[in-house]
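One structure is given below, encoded as structure tokens.
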There are 2 protein chains.
Amino acid sequence: MATMTDVARRAGVSVSTVSYVLTGTRPISEATRDRVLAAMAELDYQPNAMARGLASRRSNIVGLLLPLTGRALGATETAFVTGATEAAREAGYHLMLCPVGTDDSEELQTLATQRLLDGFLVMEVQLTDRRVDLLRKLASPFVLIGRTDDPSGLACVDIDFEQTVGDAVAHLVELGHQTIAYINHSDASLASGYGPAKRTAAAFEAALERHGVTGVMVPTEDTSTGGRVAIREARERCPQLTGVLVMNENAALGILAELREAGLDVPWDVSVVSMVTSEVVADLASPALTAMTSPGAALGAAATRVLLERLADGDTSTYQELLPCVLEIRGTSAKARKK
Amino acid sequence: MATMTDVARRAGVSVSTVSYVLTGTRPISEATRDRVLAAMAELDYQPNAMARGLASRRSNIVGLLLPLTGRALGATETAFVTGATEAAREAGYHLMLCPVGTDDSEELQTLATQRLLDGFLVMEVQLTDRRVDLLRKLASPFVLIGRTDDPSGLACVDIDFEQTVGDAVAHLVELGHQTIAYINHSDASLASGYGPAKRTAAAFEAALERHGVTGVMVPTEDTSTGGRVAIREARERCPQLTGVLVMNENAALGILAELREAGLDVPWDVSVVSMVTSEVVADLASPALTAMTSPGAALGAAATRVLLERLADGDTSTYQELLPCVLEIRGTSAKARKK
DNA sequence: AACTTTTGTCGAAACGCTTCGACGAAGCGT
DNA sequence: ACGCTTCGTCGAAGCGTTTCGACAAAAGTT
């Protein structure tokens with residue numbers, strides 16, 4: 001394995017010159033640069049990442065804090081991860097997956113003080129999140145995917161839930177639906193202060209009011225069965241319901257099945273709009289789900305860009321970027337039947 | 001940030017002694033060890049990962065080579081990634097996601113010669129895979145998830161497709177199904193030599209013969225629509241067909257929808273068994289899919305363990321470990337109707 | 001009792017890079 | 001032609017560890 005010293009010797013220059021060619025920190029004459037570059041090529045030289053990291057105090061690696069709950073990642077999260085990874089690579093950075101529980105401060109502290117990572121992307125942010133306090137204390141640069149209840153002083157990239165719910169409800173109302181159910185995440189998420197659950201709940205209320213239509217919110221488990229149970233409950237509480245908004249991809253499929261078995265036709269009897277849904281899952285359903293497609297990859301890429309920017313210029317001010325899910329009309333929404 | 005020198009000074013020993021306490025490379029007296037440990041605790045000392053990596057030539061990071069095709073990862077792949085990550089962490093290692101195309105040798109070479117990673121986990125292995133040759137040439141330790149056509153001299157961990165297909169067909173035959181369709185991956189995958197596609201095709205033939213039943217194989221796209229098209233074709237070619245084996249989760253849902261719309265009842269008219277399927281997706285379907293559940297997380301963990309073992313003892317001999325998918329009977333398979 | 005080993009510790013030399021200060025050679029305004 | 005800045009390069013001092021050789025003291029071997 002060739003080292004910088006080898007390159008320097010071969011090019012007839014000093015080690016520091018080689019380093020300057022590599023990093024561009026100081027001007028180098030064209031002639032010298034060419035000689036150095038040639039030497040590198042001939043020797044198949046690759047800078048040693050560890051040595052470089054030690055000397056420069058930057059690893060060019062960012063960590064992705066991802067609480068692995070044991071259950072699989074949804075398509076949205078996956079897209080996020082891949083988006084972030086790609087964006088990092090394009091900027092010459094690497095992405096390290098860090099399966100650290102939301103309140104495993106021990107582990108996170110170790111990770112952050114090891115100097116292995118230049119900064120962090122924080123996923124699955126809670127409304128009050130201990131990781132945020134810790135990272136702040138340790139002065140590690142980080143960007144949240146999501147928001148705490150008070151995002152001042154933080155850098156966040158998140159889905160614009162208010163807008164998304166608003167657009168979804170608007171879509172249903174435009175189609176003539178006057179009674180709309182919102183199948184949210186579970187009671188437990190709501191209680192634990194999970195941001196998306198709380199924000200969408202509020203946004204749903206607001207949207208109903210704005211359009212002067214009525215509706216119910218039913219929290220439920222993020223599973224197919226959860227969807228079945230929820231739609232049953234919703235129809236009991238609101239028999240005249242013709243529009244359904246559902247937070248969870250998995251629940252959406254359950255809802256479709258349950259409605260079909262109840263002898264109701266989707267979209268003609270009931271329209272269903274699924275939120276924060278990936279294309280893959282939307283297409284799995286029959287008919288394919290009309291959905292608010294989550295900008296998973298875009299979110300990941302945006303978050304990464306923001307983090308890298310901040311690493312470069314040391315900026316630490318408040319920053320917020322909200323990306324809406326975009327309405328993708330497929331087969332589960334249609335004009336409401338005349339009463 | 002405290003360094004080892006600080007700890008040494010505080011404990012009244014030399015730096016090397018502190019290092020020995022940390023790494024256990026040489027015997028240290030109980031008394032000294034305690035003093036050092038105490039000093040570390042008082043100073044909140046954390047070894048610097050870069051310095052350690054430079055000096056020891058090991059980063060304690062393994063790379064996961066994952067061709068990101070742009071489309072999202074399936075549940076199986078996701079489980080694999082999380083399984084690997086967890087296993088690595090338990091052994092004091094980190095996992096880095098490396099989105100490197102199957103034939104982006106350039107990128108891989110850079111990655112491997114950078115000395116950032118101690119070894120590689122290789123996903124999405126092709127029957128003839130250039131990455132394998134490259135890693136071998138560079139003498140980078142690696143473990144394949146999957147197999148090349150000639151796995152001699154390699155370390156592989158893979159799904160036992162032969163066994164899995166065998167079990168699935170056996171299940172259908174036991175239920176009395178005499179004509180079985182196998183909906184495989186696409187023609188393109190087959191042509192490009194994608195291992196799972198080819199291996200299952202062969203295993204399917206063998207299983208049919210073994211049980212003396214008839215069947216067809218239909219390759220198709222890994223989408224819901226793909227499943228619809230394929231089942232239509234299968235029924236045309238084999239009208240008496242009552243059992244379906246399907247490789248792809250997404251296609252499985254399409255098949256269910258198509259059969260339903262054709263007025264056929266699953267499982268009573270046709271039984272469907274989905275292969276290499278995750279629980280989440282299986283439960284999404286109505287009825288829930290009878291499936292060969294893929295051991296995603298277990299595979300990831302196994303691969304990681306093998307890799308770390310090899311890193312530790314420098315072993316480089318052939319190794320192969322095959323994990324079967326296990327049959328999970330849910331709602332889409334039942335006794336064949338008497339003719 | 002005279003040896004060899006093992007144990008516990010130290011000092012110093014790497015590991016392969018970045019970065020700082022220095023310094024001659026140009027380039028420039030006057 | 002005189003200082004002044006800018007350019008291009010070098011040497012050397014880190015960065016924070018691990019690891020090697022050395023060595024005294026303790027423990028085993030005959």
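Keep in mind the model is a prediction, meaning the values are calculated, not measured. Note on naming: letters A, B, ... go to the chains in the order of the sequence lines (proteins, then strands), and numbering restarts at 1 for each one.
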Which side-chain N or O atoms in residues 127-143 of chain A pair as donor and acceptor under 3.5 Å with protein atoms at least two apart or in another chain?
{"unit_1": "A/D129", "atom_1": "OD1", "unit_2": "A/R131", "atom_2": "N", "d": "3.0"}
{"unit_1": "A/D129", "atom_1": "OD1", "unit_2": "A/R131", "atom_2": "NE", "d": "3.0"}
{"unit_1": "A/D129", "atom_1": "OD2", "unit_2": "A/Q126", "atom_2": "N", "d": "2.9"}
{"unit_1": "A/D129", "atom_1": "OD2", "unit_2": "A/R131", "atom_2": "NH2", "d": "2.9"}
{"unit_1": "A/R131", "atom_1": "NH1", "unit_2": "A/M123", "atom_2": "O", "d": "3.3"}
{"unit_1": "A/R131", "atom_1": "NH2", "unit_2": "A/M123", "atom_2": "O", "d": "2.9"}
{"unit_1": "A/R131", "atom_1": "NH2", "unit_2": "A/E124", "atom_2": "O", "d": "3.1"}
{"unit_1": "A/R136", "atom_1": "NH2", "unit_2": "A/S152", "atom_2": "O", "d": "3.3"}

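Remark: C1' of D/dT17 and CE of B/M50 are 13 Å apart, rounded to the nearest angstrom. Between B/L116 atom CG and C/dG16 atom C1' the separation is 14 Å, expressed in whole Å. Atom CD in B/E30 sits about 10 Å away from atom P in C/dG8, given to the nearest Å. As rounded to whole Å, 12 Å separates atom C1' of D/dG14 from atom CG of B/L54.
Other residues, nucleotides and ligands place more than 12 heavy atoms under 6.0 Å from the CZ atom of B/R147.
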Please, what dot-bracket string fits DNA chain C when only Watson-Crick and G-U pairs with both distances under 3.5 Å count, crossing ones use [ ] and pairs to another strand use |? ||||||||||||||||||||||||||||.|
Output one letter per nucleotide in nucleotides 17-24 of chain C: B when a protein non-hydrogen atom lies under 4.0 Å from the base, S when only the sugar-phosphate is that close, - when neither is. BBBBBB--
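No hydrogens or angles considered: nothing links the side chains of B/S16 and B/S19 as a donor-acceptor pair under 3.5 Å. Side-chain contact check for A/S14 and A/T17: at least one donor-acceptor pair (N or O, by modelled atom type) lies under 3.5 Å.
Annotation: side chain to side chain contact (heavy atoms under 4.5 Å, CB included) contacts of B/E107 (sequence neighbours excluded): A/R89, B/V100, B/D104. Partners of B/Y45 under the ring-ring contact (aromatic ring centres under 6.0 Å, His included) rule, at least two apart in sequence or in another chain, do not exist in this structure.
Residue contacts for A/I28: at a heavy-atom cut-off of 4.0 Å it reaches the sugar-phosphate backbone alone, with no base atom in range.
Counting only residues at least two apart or in different chains, side chain to side chain donor-acceptor pair (under 3.5 Å) contacts with residues 298-314 of chain A are absent.
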Apply side-chain hydrogen bond (donor to acceptor under 3.5 Å, both in side chains) to B/T82 and B/T85, showing your working. CA-CA 5 Å; B/T82 61; B/T85 310; over 6 Å; no
